Amino acid sequence: NCAVCHELTDRGGVIPGLGYSNAGTFDIFENILSGMYVSKGMPDFSDRFSKEQMGDIKKFILYSAEEAGNKK
């Protein structure tokens with residue numbers, strides 16, 4: 001779902017890779033996935049992901065960003 005708009009690698013996508021998001025973004029991550037930015041084109045995923053799954057997605061993004069940073 002995410003890579004359609006957000007490239008998950010360092011190549012970048014239409015919208016910046018989620019691993020480059022600031023800490024504030026991750027503080028409201030569940031809200032973002034639940035429709036906070038629908039008016040800006042971000043889909044509401046609350047009908048597709050549980051809160052636990054949203055947390056797992058957040059952990060995956062943070063882990064991937066950390067791993068990418070360690071490889072530079």
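Along the sequence shown, the residues carry numbers beginning at 1. None of these values were measured; they are calculated from a predicted model.
Residue M54 holds its CE atom at 9.0 Å from CZ of F45, rounded to the nearest 0.5 Å. Here S50 contributes atom OG and D56 contributes atom CG; the two are 7.5 Å apart, rounded to the nearest 0.5 Å.
Side chain of E67 to backbone of S64: no donor-acceptor contact under 3.5 angstrom is found.
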Side-chain donor-acceptor pairs under 3.5 Å in residues 29-37, sequence neighbours left out?
{"unit_1": "S34", "atom_1": "OG", "unit_2": "E30", "atom_2": "O", "d": "2.9"}

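K58 is listed as a side-chain neighbour of L62, based on a closest heavy-atom distance under 4.5 Å. For the pair Y63/E66, no side-chain contact is recorded, criterion being any heavy-atom separation below 4.5 Å from C-beta on.
For the pair G19 and I61, the tightest heavy-atom approach, listed with the atom from each and the gap, is N-CG2, 3.9 Å. Closest non-hydrogen pair, N1 versus F49, comes out as ND2-CZ, 3.2 Å.
Taking N22 as the reference, T25 meet the side chain to side chain donor-acceptor pair (under 3.5 Å) condition, with sequence neighbours excluded. Applying the side chain to side chain donor-acceptor pair (under 3.5 Å) criterion to D44, with sequence neighbours excluded, gives S46.
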